[in-house]
Amino acid sequence: MLNKKQWFTEIHQDSSALSFKYKKTLFEGKSPFQTVKIIETKSHGKMLINEDIVMTCERDEFIYHEMIAHVPLFTHPHPKKALIIGGGDGGTAREILKHKKIKNCDLVEIDSMVVNACKKHLKSIGSAFNDPRLKIYFEDGAAFIKNKKNHYDVIIVDSADPIGPGKVLFETPFYKNVFEALKPDGLMTAQGESPLYEQKLQKTLLKTAGKIFPLAGFYNYGNLTYPGGVWSFLFASKKYHPIKDFKAGRVKNSAFSFRYYNKDIHQAAFSQPEFTKKNLGTLWKL
Ligand code: SPD
């Protein structure tokens, strides 16, 4: 919700709200899927907002994008082919393409308006759109993946919340198709919502992924702009374990300049508070 006094407010579950003061609106549109806005905030840089929900902003996007991309890519020992479902702002692609081992990265975003608006107004996030290894498809990711078998080393589901067109990305048929689309030693990560607000969803998601993948669990991160501050990613893998198979030396040798991710965070992020352990119970398979 944008109001006259230049505050954008995201209302969460009709019970709390996060507001950001902004200087101007850079882009405002309505696609067949959603409303899309980019605003210039007072203190959080440019911010992408879909359906009045903050997707990403310049001030803290590095946390989300480094964690969704480098945890899987430093777990898989030789990732060559990657798929991003969603991720139209380009931040996840930017991080994936830092890995020179990646030869091809497909990005399947349902909404071309998001990509085009970010290309124009959020260049620091969408800085890898011209990388020749990146191929963008404006399609429904859930449909796209049905036709891929044994194809990708790593799949990253960079989705919005499980409302609207993205809801299917949290459901069993989609996870079965992700499993099929991965090579025999492939692995995936997915936007996993707030462990504080979405305990029921996390439990369902882990049950879903845990029935399909031999290894499944959550890892956490903190940011400034998502309700509750502490958020998570789902990690699911056919073979490689994110801690036992992780070679910390690869992170150092990469010489990437991270702002959040490092070898210690990679491992620590899988530690869970007591309420999460209790919630996820024996389904925790890591
Ligand atoms: N509550 C909003 C969660 C949005 C997660 N996806 C963000 C996309 C960043 N590339």
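Atoms within a ligand are numbered from 1 in the order they appear, just like the ligands themselves.
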**Asked** At a 4.0 angstrom heavy-atom cut-off, what protein residues surround ligand 1?
**Response** Ile53, Val54, Met55, Tyr64, His65, Asp89, Asp158, Ser159, Asp161, Gln191, Tyr226, Trp231
**Asked** Does Arg59 use its side chain to pair, donor to acceptor, with the backbone of Met47 at less than 3.5 Å?
**Response** no
**Request:** For the pair Asn279 and Gln202, evaluate side chain to side chain donor-acceptor pair (under 3.5 Å) and give the outcome as yes or no after the intermediate values.
**Result:** CA-CA 9 Å; Asn279 179 41; Gln202 283 208 320; 4.8 Å; no
**Request:** Start with the C-alpha gap between Lys278 and Glu274, add the side-chain angles, then the distance that decides, and say whether salt bridge (charged side-chain N to carboxylate O under 4.0 Å, His left out) holds.
**Result:** CA-CA 6 Å; Lys278 226 171 243 171; Glu274 281 308 300; 5.8 Å; no
**Message:** Set out, in order, the CA-CA distance, both residues' side-chain angles and the distance that settles side chain to side chain donor-acceptor pair (under 3.5 Å) for Tyr64 and Asp158, then state yes or no.
**Reply:** CA-CA 10 Å; Tyr64 179 99; Asp158 183 1; 2.6 Å; yes
**Message:** Set out, in order, the CA-CA distance, both residues' side-chain angles and the distance that settles side chain to side chain donor-acceptor pair (under 3.5 Å) for Thr56 and Asp89, then state yes or no.
**Reply:** CA-CA 8 Å; Thr56 192; Asp89 52 70; 5.1 Å; no
**Request:** Output, in order, the C-alpha distance, side-chain angles, deciding distance and verdict of salt bridge (charged side-chain N to carboxylate O under 4.0 Å, His left out) for Asp131 and Arg94.
**Result:** CA-CA 9 Å; Asp131 189 306; Arg94 180 195 67 202; over 6 Å; no
